[in-house]
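Below, chains carry the letters A, B, ... as their sequence lines are ordered, and counting in each starts from 1. All values below were derived from every heavy atom in this structure, side-chain atoms included, with hydrogens, water molecules and symmetry-related copies excluded.
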2 protein chains.
Amino acid sequence: MKKPTLEMVAAHAGVSRATVSRVVNGTPTVEPTIASRVQRSIDELHYVPNRAARSLASNRAGAVALVVPESTSKVFTDPFFGAVIMGIAGVLDDTDFTLTMIIESEANAEKTHRYLTGGNVDGALVLSHHAGDRSYGSLTDRVPLVYGGRPVVEVPGAVCIDVDNLAAARLAVGHVIGSGRRRIATIAGPQTMRPGVERLEGWRGALADAGLEPGPIAYGDFTTTSGTRAARELLAGGEPFDAIFAANDQMALGAYPVLREAGLQIPGDVAVMGFDDSPFSQTSEPPLTTMNQPMVRLGAEMARKLLAMIDKQHPEPLTMLHASLVERGSV
Amino acid sequence: MKKPTLEMVAAHAGVSRATVSRVVNGTPTVEPTIASRVQRSIDELHYVPNRAARSLASNRAGAVALVVPESTSKVFTDPFFGAVIMGIAGVLDDTDFTLTMIIESEANAEKTHRYLTGGNVDGALVLSHHAGDRSYGSLTDRVPLVYGGRPVVEVPGAVCIDVDNLAAARLAVGHVIGSGRRRIATIAGPQTMRPGVERLEGWRGALADAGLEPGPIAYGDFTTTSGTRAARELLAGGEPFDAIFAANDQMALGAYPVLREAGLQIPGDVAVMGFDDSPFSQTSEPPLTTMNQPMVRLGAEMARKLLAMIDKQHPEPLTMLHASLVERGSV
DNA sequence: TTGTAAGCGTTATCAT
DNA sequence: ATGATAACGCTTACAA
């Protein structure tokens, strides 16, 4: 008893291969009597369709790719990554699409390109990345593509799903203002990355809305040490502040020791607001008030959109997810 | 100009399809002249082989699966995960195997099983998991399988690659002893997980080697809060100690505030040793001395072994990787 | 060394 | 509603 083929099932059930194929694919035009007879044969023989054959004949791959630019994948250490995958996997699980991982490095960029256009997948999910992602533009109309986190350069016709960083930052800073702070500094992220830009923008917006003057700005690169450096700059600047809005948790926490050394209490003298709800934020002293991004949901939405596109539908080109405030002890 | 097929390349180069196939697959028995002529045609036409067809004809999938039990995937938030994937991807990148991700939940266990045995992949990498992984035993001789982190229940004939937790724990505790501590407590992990068991065992071993009495033991579940609770138990136990060896960083850091509240200096009064070299360990105050596990390497070795097995070789059934000490400020 | 031709297991197009 | 019968694009004996 080897691997049963469709043909064997057909013989077993006393019907043609075509009919078995119909049953397997849920074609409605099959006499129920026959259908269940075929189904019984399938079960009895433990028949499992052969993916390759099916793909070859139908010209569909039954797979979608998750493309993670290597630069992003350094942020791989990033718990986000796992959450997004879980969201994707959760959705794909109800279909019979398979998830193929592609770590795209400079070295294999062309290989990736060929892979995606080579009919190996029915669509691709591209995880957020920095500038310089010129390459995907041409792909957009060759294969269904969904971006998670909008590329810095808007790709015409691209379908994206992202967390609304600007709104989230406004919400965050609004919360700080609500706590009574008036001179709110920020440790901004790199302005080459969209989140960096938008979170800074949100800070400005919230301040403007409240009729407050913008406080001092220092820039970091999302690392803890850059946060430490930025906090020193802020202090050295001489401009007074009673709160810091950091563009991510790591930079916020990097500021902690600096403030402490300066004899400043958190949140007593200076409130600190983070962003990301990273695991770090829970264990710091005081625990960091921050913004939570719905990453599992992001993954799920990406997958859903891609499936829709593969199904020839035309989903909204841009979906914004909302981050939520996580109150802990630093504001 | 549609997707070029092997046939078109053959026509273009004026040879048979078989020859083109040989060139594509690097069969050595092709006249160099012809080979390069074919290659030129391939390049010119931008020919990319069709995976499905190739797979169907050759009865090979050209893909390996990475199976992550969902239980493990909660540890997904775990940066380890990304590191292992990178290691795997790095190795696979030089081949033309594809990486297929499978998140295995209770719900789709059978689906996974069928997928793996259904000829969809040439082999699978199974990421470490708890007890109760009865299911893979039967797979071991049906499809090449490599475990990362040994399953609690030894699967006969299974090929594993793991970090030597026992040796690492000994090394860690040895370091603590070397720093002059004599009464070393431990916050152990769950004894249902191999790392939990082995790290506790390593602690015992190192103490015994040094002729020291074992200090008090408290158990946690690898979470920060469980570490906090365990530290309280340790303190409440009344048995004095001048060091804590925690089975992971999170638990170690969970103990920090408890020690501090008790007026104990780290490492002055109590040294704290972690395990994992998680990102947390760098940003704590004081930064945590801990053990680093070579996760990228783990992924790479897993992939290498699997490729060897797919290639009909018989790699060592068990490879142990060594963790290394990362000295920071808590010991 | 190269070509011929028979599959590989499905799907899809026509008839029936 | 069901059944023949071509494709689908490639690999692989086997023949030349």
### Summary
With a 4.0 Å cut-off (strictly under) to non-hydrogen atoms of chain B, the first and last hit nts on DNA chain C, 5' to 3', are C/dT1 to C/dG9
### Query
What salt bridge (Lys or Arg N to Asp or Glu O under 4.0 Å) pairs are there with at least one residue in residues 16-26 of chain B, not counting sequence neighbours?
B/Glu7-B/Arg17
### Query
Do the side-chain N and O atoms of A/Tyr115 and B/Thr98 include a donor-acceptor pair separated by under 3.5 angstrom?
yes
### Query
Can you list, by residue number, the residues of residues 52-59 of chain B that have a non-hydrogen atom closer than 4.0 angstrom to DNA chain D?
B/Ala53, B/Arg54, B/Ala57, B/Ser58
### Query
Between A/Arg51 (side chain) and A/Gly62 (backbone), is there a donor-acceptor pair under 3.5 Å?
yes
### Task
Find the distance between CG (A/Leu125) and CD1 (A/Ile88) and round it off to the nearest 0.5 Å.
5.0 Å
### Message
Listing request: all salt bridge (Lys or Arg N to Asp or Glu O under 4.0 Å) pairs with a residue in residues 297-310 of chain A, at least two apart in sequence or in separate chains.
### Response
A/Arg297-A/Glu301, A/Glu301-A/Arg304
### Message
Please list all pairs meeting salt bridge (Lys or Arg N to Asp or Glu O under 4.0 Å) that have one or both residues in residues 113-123 of chain A, counting only residues at least two apart or in different chains.
### Response
A/Glu110-A/Arg114
### Query
Is the backbone N or O of B/Leu321 less than 3.5 Å from a side-chain atom of B/Asp164, with the two atoms forming a donor-acceptor pair by type?
no
### Task
Looking at every strand, decide which applies to B/Arg60 at a 4.0 Å heavy-atom threshold: base, sugar-phosphate, or nothing.
sugar-phosphate
### Query
Can you name the residues that form a side chain to side chain donor-acceptor pair (under 3.5 Å) with A/Thr27, not counting sequence neighbours?
none
### Task
Specify the angle, to 10°, made by the local axes at the two ends of the helix from C/dT1-D/dA16 to C/dT16-D/dA1 when five pairs are taken at each end.
30°
### Query
Among all residues two or more places apart in sequence or in another chain, which pass the salt bridge (charged side-chain N to carboxylate O under 4.0 Å, His left out) test with A/Asp93?
none
### Message
Would the distance check show the side chain of B/Ser58 and the main-chain N or O of B/Arg54 forming a donor-acceptor pair, the cut-off being under 3.5 Å?
### Response
yes
### Message
For the CG atom on A/Asp311, are there more than 12 heavy atoms of other groups (residues, nucleotides or ligands in this structure) within a distance under 6.0 Å?
### Response
yes
## Note on the structure
salt bridge (charged side-chain N to carboxylate O under 4.0 Å, His left out) filter on A/Glu31, not counting sequence neighbours, yields none
### Task
Anything under 4.0 Å to a heavy atom of chain B counts; send over the first and last such nucleotide of DNA chain D, read 5' to 3'.
D/dG9 to D/dA13
### Query
Under a 4.0 Å heavy-atom cut-off, which of residues 23-34 of chain A touch DNA chain D?
A/Thr29, A/Val30, A/Glu31, A/Ile34
### Any residue of residues 11-18 of chain B with a heavy atom less than 4.0 Å from an atom of DNA chain D
B/Arg17, B/Ala18
### Query
Can you tell me if CG on A/Asn25 sees more than 12 non-hydrogen neighbours from other groups inside 6.0 Å?
yes
